[in-house]
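Contents: one structure, followed by commentary.
Keep in mind that what you see is a predicted model, and the values were worked out from it rather than measured. Labels below follow one simple rule: chain letters A, B, ... track the order of the sequence lines, proteins then strands, and each chain is numbered from 1.
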Protein chains: 2
Amino acid sequence: METRIDRIKKQLHAASYKLTPQREATVRILLDHEEDHLSAEDVYLLVKDIAPEIGLATVYRTLELLTELKIVDKINFGDGVSRYDLRQEGAAHFHHHLVCLECGAVDEIQEDLLGDVEGVVEKRWNFQIKDHRLTFHGICWRCNDRSSQDPPQ
Amino acid sequence: METRIDRIKKQLHAASYKLTPQREATVRILLDHEEDHLSAEDVYLLVKDIAPEIGLATVYRTLELLTELKIVDKINFGDGVSRYDLRQEGAAHFHHHLVCLECGAVDEIQEDLLGDVEGVVEKRWNFQIKDHRLTFHGICWRCNDRSSQDPPQ
DNA sequence: TCTTACTTTATAATCATTATCAATTGATAA
DNA sequence: TTATCAATTGATAATGATTATAAAGTAAGA
Ligand SMILES: [Zn+2]
Ligand SMILES: [Zn+2]
Ligand SMILES: [Zn+2]
Ligand SMILES: [Zn+2]
């Protein structure tokens, strides 16, 4: 059976890049933390456990390469660091995010939801959409439930 | 007649801040460049023309203050700098952006467009939306020669 | 006037990211 | 296998944006 790593290796080779041990270790960390939104520093600290010799610059370079190849998406939630998000295999669009202002949690919305909106934008603004970023800021379900347990004052 | 500056002054006073000459000069620059998306450095260079003694740190502090008071919105288009966007007076939500991958132009969409989507998110994800960021990346009407060279609308 | 809190300026410090460069690796051909 | 050469790496320096610090200035109120 072809694994996810194998397919990424093919994508790299198709663009004439090698899947070096450092690159493979970095990809494995991303796969192992698919639901997280890791910064380059986060990835570096995690990857050092399985490849202690790796340098921070290599992690940055690898993440940049994976971004170019559209294997990961780079996103910024306004906290001064870029975060790297594995793109779902076969997903037409980048998924959306829910950032909780209270607890800081970042949840994902995999559904598209923007189909109609993109139709309007393409037609009315004559804009050819290649990608999008949609983030909602607010109170997540966890913090909502907690506050509804407490009666309002 | 009450000007936009007067109303911003009231908003500052309501939060017990003063509209100092430096803050006023900074706000004037933002008003004079409402359709642009200026970085702190951009604002600093422009504001020095009308208030040469101002310091960069003051510009940063003023922009941060205006962001807190929701007079401006801070946004990041992934190029490593934060940009500051005057919020439309009375606008319920932050407007959306079209970033051209070819010429770098940033156009604005003032229409809401997200009403239905936000309804779904609030209900299905039990997420209480306070704000949003929606940016489309693609080819703008100027660079797009598939159809006419006419601007939209 | 004196007091006090707020604000500013210049500058240093911090933090993320990128550039540099010598050393290493890995694919390929002799 | 060994030589070759471009790709890649790791350590570190450099850069650039932003934030923190500290001393000085400002303005309102007692
Ligand atoms: Zn929460
Ligand atoms: Zn995500
Ligand atoms: Zn364009
Ligand atoms: Zn805008």
Side-chain angles (χ1 to χ4, degrees), chain A residues 8-29 37-69 71-85, chain B residues 8-29 37-69 71-85:
Chain A
I8 291 174
K9 185 172 186 173
K10 278 186 186 166
Q11 286 182 263
L12 284 171
H13 284 166
S16 50
Y17 293 109
K18 302 167 197 166
L19 182 63
T20 64
Q22 292 91 337
R23 286 173 181 167
E24 181 171 345
T26 303
V27 170
R28 282 192 191 285
I29 291 301
H37 295 87
L38 303 175
S39 67
E41 185 79 25
D42 294 336
V43 172
Y44 174 62
L45 293 174
L46 288 165
V47 81
K48 273 178 82 79
D49 290 340
I50 59 174
E53 291 313 302
I54 202 169
L56 177 58
T58 299
V59 171
Y60 270 101
R61 278 186 298 242
T62 301
L63 292 171
E64 191 194 348
L65 176 61
L66 295 171
T67 303
E68 262 173 41
L69 297 181
I71 293 165
V72 308
D73 284 295
K74 189 175 177 178
I75 192 168
N76 188 300
F77 292 127
D79 61 348
V81 283
S82 292
R83 297 179 180 279
Y84 298 85
D85 217 349
Chain B
I8 289 173
K9 184 173 187 173
K10 278 186 185 165
Q11 285 183 264
L12 284 170
H13 286 166
S16 49
Y17 293 108
K18 301 165 197 164
L19 183 64
T20 64
Q22 293 90 337
R23 286 173 182 166
E24 182 172 343
T26 303
V27 170
R28 282 194 191 285
I29 291 301
H37 295 87
L38 304 175
S39 67
E41 185 79 24
D42 293 337
V43 173
Y44 174 63
L45 293 174
L46 289 165
V47 83
K48 272 178 83 77
D49 290 339
I50 59 174
E53 71 294 344
I54 201 171
L56 177 59
T58 298
V59 172
Y60 269 101
R61 274 188 303 250
T62 300
L63 292 171
E64 189 193 350
L65 176 61
L66 295 171
T67 303
E68 262 172 41
L69 296 180
I71 293 166
V72 308
D73 284 295
K74 189 175 177 179
I75 191 167
N76 189 301
F77 293 128
D79 61 348
V81 282
S82 292
R83 298 179 179 278
Y84 298 85
D85 216 349

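A side-chain contact (heavy atoms from CB on, under 4.5 Å) with A:Val47 holds for exactly one of A:Ile50, A:Asp49, A:Leu45; it is A:Ile50.
Note on A:Glu53: only backbone sugar-phosphate atoms sit closer than 4.0 angstrom, heavy atoms only; bases stay farther off.
Contact of the A:Leu65 side chain with the A:Leu12 side chain is registered, since non-hydrogen atoms from C-beta on lie closer than 4.5 Å. Between B:Val81 and B:Glu41, the closest side-chain pair of non-hydrogen atoms is not below 4.5 Å.
Phosphate proximity of C:dG26 to A:Thr20: absent, as no side-chain N or O sits under 4.0 Å from OP1 or OP2. The side chain of A:Gln22 contributes an N or O atom lying less than 4.0 Å from OP1 or OP2 of D:dG10. Taking side-chain N and O atoms only, B:Tyr60 has a distance below 4.0 Å to OP1 or OP2 of D:dT18. Between C:dT8 and B:Thr58, no contact under 4.0 Å exists linking OP1 or OP2 to a side-chain N or O.
Between the C1' atom of D:dT8 and the CG atom of A:Leu19 lies a distance of 13 Å, rounded to the nearest Å. Taking atom CD of residue B:Glu64 and atom C1' of nucleotide D:dA20, one finds them 12 Å apart after rounding to whole Å. Atom OH in A:Tyr17 sits roughly 15 Å away from atom C1' in D:dT9 (whole-Å rounding). The CG atom of A:Leu56 sits 11 Å away from the P atom of C:dT18 (whole-angstrom rounding). One can place NZ of B:Lys18 at 7 Å from P of D:dA28, the figure rounded to the nearest angstrom. To the nearest angstrom, P of D:dA7 lies 15 Å from CG of A:Leu12. Taking atom OH of B:Tyr44 as the reference point, atom P of C:dT8 lies 14 Å away to the nearest angstrom. Note: CZ (B:Arg23) to P (C:dT8) measures 4 Å, nearest angstrom.
Within the shown strands, D:dT1 is the pairing partner of C:dA30 under the Watson-Crick or G-U definition, both distances less than 3.5 Å.
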Legend entry - Residues A:Thr58, A:Arg61; criterion side chain to side chain donor-acceptor pair (under 3.5 Å); working and verdict: CA-CA 5 Å; A:Thr58 299; A:Arg61 278 186 298 242; 3.1 Å; yes

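Taking the salt bridge (charged side-chain N to carboxylate O under 4.0 Å, His left out) definition, one finds that A:Asp42 meets it with A:Arg83, sequence neighbours left out.
Residue B:Lys9 places its NZ atom among 12 or fewer non-hydrogen atoms of other residues, nucleotides or ligands, all under 6.0 Å distant. By the neighbour-count criterion of 12 heavy atoms within 6.0 Å, atom OH of B:Tyr17 is sparsely surrounded, having that number or fewer from other residues, nucleotides or ligands.
Within residues 76-84 of chain B, the residues having any heavy atom closer than 4.0 Å to DNA chain D are, in order of number, B:Gly80, B:Val81, B:Ser82.
Of the two residues near DNA chain D, A:Ala57 and B:Lys74, the one whose nearest nucleotide lies more 5' is A:Ala57.
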